[in-house]
Peer 1: 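Input: one structure, supplied below.
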Amino acid sequence: MKTILVTGGLGYIGSHTVVELINAGYTSVIVDNLSNSSIKVLDRIEQITGIRPIFYQCDIQDKQALTDILYKHQIDGVIHFAALKAVGESVQNPLEYYQNNVSGSIELFRQLKNHNIKTIVFSSSATVYGDPHKVPIKEDFPLKPTNPYGWSKLMIEQVLRDLYTSDNQFKVGILRYFNPIGAHSSGLIGEDPQGIPNNLMPYIAQVAVGRREYLSVFGNDYATHDGTGIRDYIHVVDLALGHVRTLEYLSNASRDNLLTVNLGTGRGYSVLDVVQAFEKASGKKIDYKFMPRRSGDIAACYADTNLAQQLLGWRARFGIEEMCRDTWNWQTKNSNGYTN
Ligand code: NAD
Ligand code: UFG
């Protein structure tokens with residue numbers, strides 16, 4: 001049985017990945033500073049899996065605490081989720097984003113190197129492509145982020161590529177996520193944004209449950225089938241399974257061990273397509289109003305998923321119906337997220 005250090009493991013994607021790691025027979029050691037997550041997630045993971053993961057409330061920038069953890073546990077690999085992730089906030093507070101995401105990652109990687117831990121899976125984002133010249137997006141498209149959050153992801157990718165070049169005993173998986181939505185089918189874990197949600201799906205879910213009056217649809221004049229923005233939404237459980245597959249791939253030493261892949265479904269849905277699918281799944285009417293475009297948004301973004309299928313033998317199984325169904329299940333069971 002292998003032991004995986006999961007940074008940011010109580011967050012939205014991290015918690016779903018810990019569940020799938022446990023299902024696959026791994027032991028998880030979670031490190032999270034709880035800056036954007038609740039300790040209750042630990043109980044929920046235990047309720048789902050029957051196993052309580054080892055947890056440390058710790059910042060990845062805390063050198064001493066991290067060293068102690070790495071001495072205490074025999075870690076075979078790391079999945080590194082811990083990061084700040086709000087695009088708008090990163091424009092307002094770039095230094096905080098570069099400090100937490102970039103400096104924090106460098107500190108973590110230094111500790112991993114010191115402890116001879118050489119398998120690293122990293123949460124990157126489709127945001128590194130910026131505004132793509134065409135869709136679907138392939139991994140070799142130009143990389144040109146448009147905000148500090150995106151730059152922080154690209155910088156960490158580069159640090160990992162250089163680390164691999166310096167010592168190809170490292171095994172590195174860079175996973176570029178498209179738009180994760182949905183929740184575990186139990187409704188026990190899901191996305192719990194603080195304050196007003198920035199992202200489409202949690203906003204729609206809060207309208208459906210009566211916490212918000214209507215959805216503002218940002219732009220209806222894009223060159224898309226209904227004028228609203230198109231994205232590649234992926235079920236968070238599919239995404240979590242992509243991490244487990246990546247660990248399996250990297251553990252096979254005979255292959256190329258610097259992997260960069262898109263994790264998406266390869267299908268794009270517009271804002272209005274998602275509204276319609278959510279209405280169908282929930283039986284609720286989602287009121288919306290058209291608003292001007294949101295600054296920095298692009299018309300369409302969806303993945304070419306061939307590389308992930310070819311290298312990892314992984315593809316997303318869930319469709320938009322299941323994504324909406326599971327979001328609704330989570331939202332109705334936890335109308336205020338993890339807060340009572
Ligand atoms: P999240 O905020 O729910 O999870 C991140 C977790 O990391 C939180 O629990 C937070 O408390 C923790 N954390 C942050 N900084 C830390 C630090 N310095 N030390 C220790 N813990 C820290 O976010 P998420 O949606 O689960 O995203 C996980 C990863 O995936 C992030 O790296 C994010 O940038 C990336 N990503 C997310 C999306 C998305 O749309 N959700 C898309 C692409 C990439
Ligand atoms: N949208 C609305 N109203 C809202 C929120 C969003 O109309 O209240 C629209 C957006 O304009 C866009 C689509 O819904 O067309 C999706 O927007 P999200 O904010 O949900 O997602 P983004 O594609 O803008 O960005 C997300 C994450 C980024 C990540 C990116 C790619 O927020 O961190 O996906 O992975 F980089």
Side-chain angles (χ1 to χ4, degrees), residues 6-17 30-39 41 56-62 65-66 79-88 90 96-97 99-101 103-105 107-108 122-130 137 145-147 149-150 152-153 156 175-181 190-194 196-204 206-207 212 214-220 222 224 228-234 236 239-240 243 262-264 268-272 274-275 288-291 293-303:
V6 186
T7 74
L10 292 191
Y12 172 47
I13 306 170
S15 57
H16 288 81
T17 303
I30 298 174
V31 165
D32 196 307
N33 65 3
L34 299 181
S35 60
N36 197 36
S37 50
S38 165
I39 189 69
V41 174
Y56 293 95
Q57 181 172 354
C58 163
D59 195 293
I60 53 167
Q61 298 173 82
D62 186 340
L66 215 51
I79 307 182
H80 176 33
F81 293 105
L84 298 173
K85 62 162 184 176
V87 171
S90 79
E96 205 182 319
Y97 271 67
Q99 174 71 45
N100 190 75
N101 295 3
S103 303
S105 296
E107 200 46 65
L108 172 72
F122 171 60
S123 297
S124 189
S125 166
T127 196
V128 297
Y129 298 112
I137 299 172
T146 55
N147 54 67
Y149 165 70
S152 78
K153 290 286 160 188
I156 303 163
L175 306 181
R176 295 182 180 149
Y177 313 156
F178 281 66
N179 290 53
I181 60 171
E191 189 172 13
D192 181 20
Q194 307 303 306
I196 301 171
N198 294 312
N199 298 117
L200 180 65
M201 187 49 106
Y203 204 104
I204 291 180
Q206 292 192 6
V207 173
R212 316 258 163 218
Y214 62 87
L215 169 74
S216 298
V217 176
F218 299 137
N220 62 344
Y222 287 108
T224 62
T228 67
I230 287 181
R231 296 291 183 275
D232 184 338
Y233 298 94
I234 173 168
V236 66
L239 194 62
H243 292 74
N262 290 336
L263 294 185
Y269 289 96
S270 73
V271 174
L272 294 183
V274 177
V275 167
Y288 63 83
K289 291 184 186 171
F290 290 121
M291 297 288 174
R293 292 180 179 193
R294 184 171 65 178
S295 147
D297 270 358
I298 56 178
C301 170
Y302 53 93

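Atoms within each ligand, like the ligands themselves, are counted from 1 in listed order. Because only heavy atoms are used, hydrogens play no part in the values below, and waters and symmetry mates are left out as well, while side chains stay in. Note that the coordinates shown come from a computational prediction; the quantities given were computed from them, not determined experimentally.
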Peer 1: Hey, can you tell me if His243 and Phe81 have their rings parallel, tilted or perpendicular (30° and 60° cut-offs)?
Peer 2: tilted

Peer 1: Nearest protein heavy-atom contact for atom 33 (O) of ligand 2: which residue, which atom, what distance?
Peer 2: Tyr149 CE2, 3.4 Å

Peer 1: Checking a contact table here: which protein heavy atom is nearest atom 5 (C) of ligand 2, and how many Å away?
Peer 2: Asn198 O, 3.5 Å

Peer 1: Quick one: does Asn199's side chain have a donor or acceptor within less than 3.5 Å of a partner on Met201's backbone?
Peer 2: no

Peer 1: Only heavy atoms of Ser125, strictly under 4.0 Å: list the atoms of ligand 2 that pass.
Peer 2: 29 (C), 31 (C), 35 (O), 36 (F)

Peer 1: Would you mind reporting whether Arg231 and Phe178 have side-chain heavy atoms less than 4.5 Å apart?
Peer 2: no

Peer 1: Pick whichever of Asp297, Asn220, Leu263 has a heavy atom sitting closest to atom 11 (O) of ligand 2.
Peer 2: Asp297

Peer 1: Tell me which protein heavy atom sits closest to atom 26 (C) of ligand 2, plus the residue, atom name and distance to 0.1 Å.
Peer 2: Asn179 ND2, 3.6 Å

Peer 1: Phe178 versus ligand 2: do any nitrogen or oxygen atoms come within less than 3.5 Å of each other?
Peer 2: yes

Peer 1: Any N/O of Leu200 closer than 3.5 Å to an N/O of ligand 2?
Peer 2: yes

Peer 1: If you take the nearest heavy atom of each of Tyr233, Tyr269, Phe218, Tyr222, which one is closest to atom 1 (N) of ligand 2?
Peer 2: Phe218

Peer 1: Tell me whether Tyr203 has any N or O atom under 3.5 angstrom from an N or O of ligand 2.
Peer 2: no

Peer 1: Please give the N or O to N or O pairs under 3.5 Å between ligand 1 and the protein, distances rounded to 0.1 Å.
Peer 2:
from	atom 1	to	atom 2	distance (Å)
ligand 1	2 (O)	Asn36	ND2	2.7
ligand 1	3 (O)	Tyr12	N	2.9
ligand 1	9 (O)	Gly11	N	3.3
ligand 1	9 (O)	Asp32	OD1	3.2
ligand 1	9 (O)	Asp32	OD2	2.6
ligand 1	9 (O)	Ser37	OG	2.8
ligand 1	11 (O)	Asp32	OD1	2.7
ligand 1	11 (O)	Asn33	OD1	3.3
ligand 1	11 (O)	Ser35	N	3.1
ligand 1	11 (O)	Ser35	OG	3.3
ligand 1	11 (O)	Asn36	N	2.9
ligand 1	11 (O)	Ser37	OG	3.3
ligand 1	13 (N)	Asn33	OD1	3.4
ligand 1	15 (N)	Asn100	ND2	3.2
ligand 1	18 (N)	Asp59	OD1	3.1
ligand 1	18 (N)	Asp59	OD2	3.4
ligand 1	18 (N)	Asn100	OD1	2.8
ligand 1	19 (N)	Ile60	N	3.0
ligand 1	21 (N)	Asn33	N	3.1
ligand 1	21 (N)	Asn33	OD1	3.3
ligand 1	25 (O)	Lys85	NZ	2.8
ligand 1	26 (O)	Tyr12	N	3.2
ligand 1	26 (O)	Ile13	N	2.8
ligand 1	32 (O)	Phe81	O	2.7
ligand 1	32 (O)	Lys153	NZ	2.8
ligand 1	34 (O)	Tyr149	OH	2.6
ligand 1	34 (O)	Lys153	NZ	3.1

Peer 1: Taking side chain to side chain donor-acceptor pair (under 3.5 Å) as the definition, give me every residue that meets it alongside Tyr222, ordered by chain and number, with sequence neighbours left out.
Peer 2: none

Peer 1: Which residue supplies the protein heavy atom nearest to atom 3 (N) of ligand 2, what is that atom called, and how far is it?
Peer 2: Ser216 O, 2.7 Å

Peer 1: How far is atom 27 (C) of ligand 2 from its nearest protein heavy atom, and which residue and atom is that?
Peer 2: Asn199 ND2, 3.8 Å

Peer 1: Hey, is ligand 2 close enough to Thr127 that some N/O pair sits below 3.5 Å?
Peer 2: no

Peer 1: Among all protein heavy atoms in this structure, tell me which lies nearest to atom 19 (O) of ligand 2, with the distance rounded to 0.1 Å.
Peer 2: Arg294 NH2, 2.8 Å

Peer 1: Restricting to side chain to side chain donor-acceptor pair (under 3.5 Å), what partner residues turn up for Asp32, sequence neighbours left out?
Peer 2: Ser37

Peer 1: Looking at Ser123, is its backbone amide N or carbonyl O close enough to the side chain of Lys153 to form a donor-acceptor pair, meaning the two atoms are under 3.5 Å apart?
Peer 2: yes

Peer 1: Is there a side-chain contact (heavy atoms from CB on, under 4.5 Å) between Val274 and Tyr233 once you walk through the steps?
Peer 2: CA-CA 9 Å; Val274 177; Tyr233 298 94; 3.6 Å; yes

Peer 1: For a quick check under 3.5 Å, do Tyr56 and Asn33 share a side-chain donor-acceptor pair by atom type?
Peer 2: no

Peer 1: Which heavy atom of the protein is the closest neighbour of atom 28 (C) of ligand 2, given with residue, atom name and distance?
Peer 2: Val87 CG2, 4.3 Å

Peer 1: Identify the protein heavy atom lying closest to atom 12 (C) of ligand 2, giving its residue, its atom name and the separation to 0.1 Å.
Peer 2: Arg231 NH2, 3.7 Å

Peer 1: Report the residues that fulfil side chain to side chain donor-acceptor pair (under 3.5 Å) with Asn36, sequence neighbours left out, ordered by chain and then residue number.
Peer 2: none

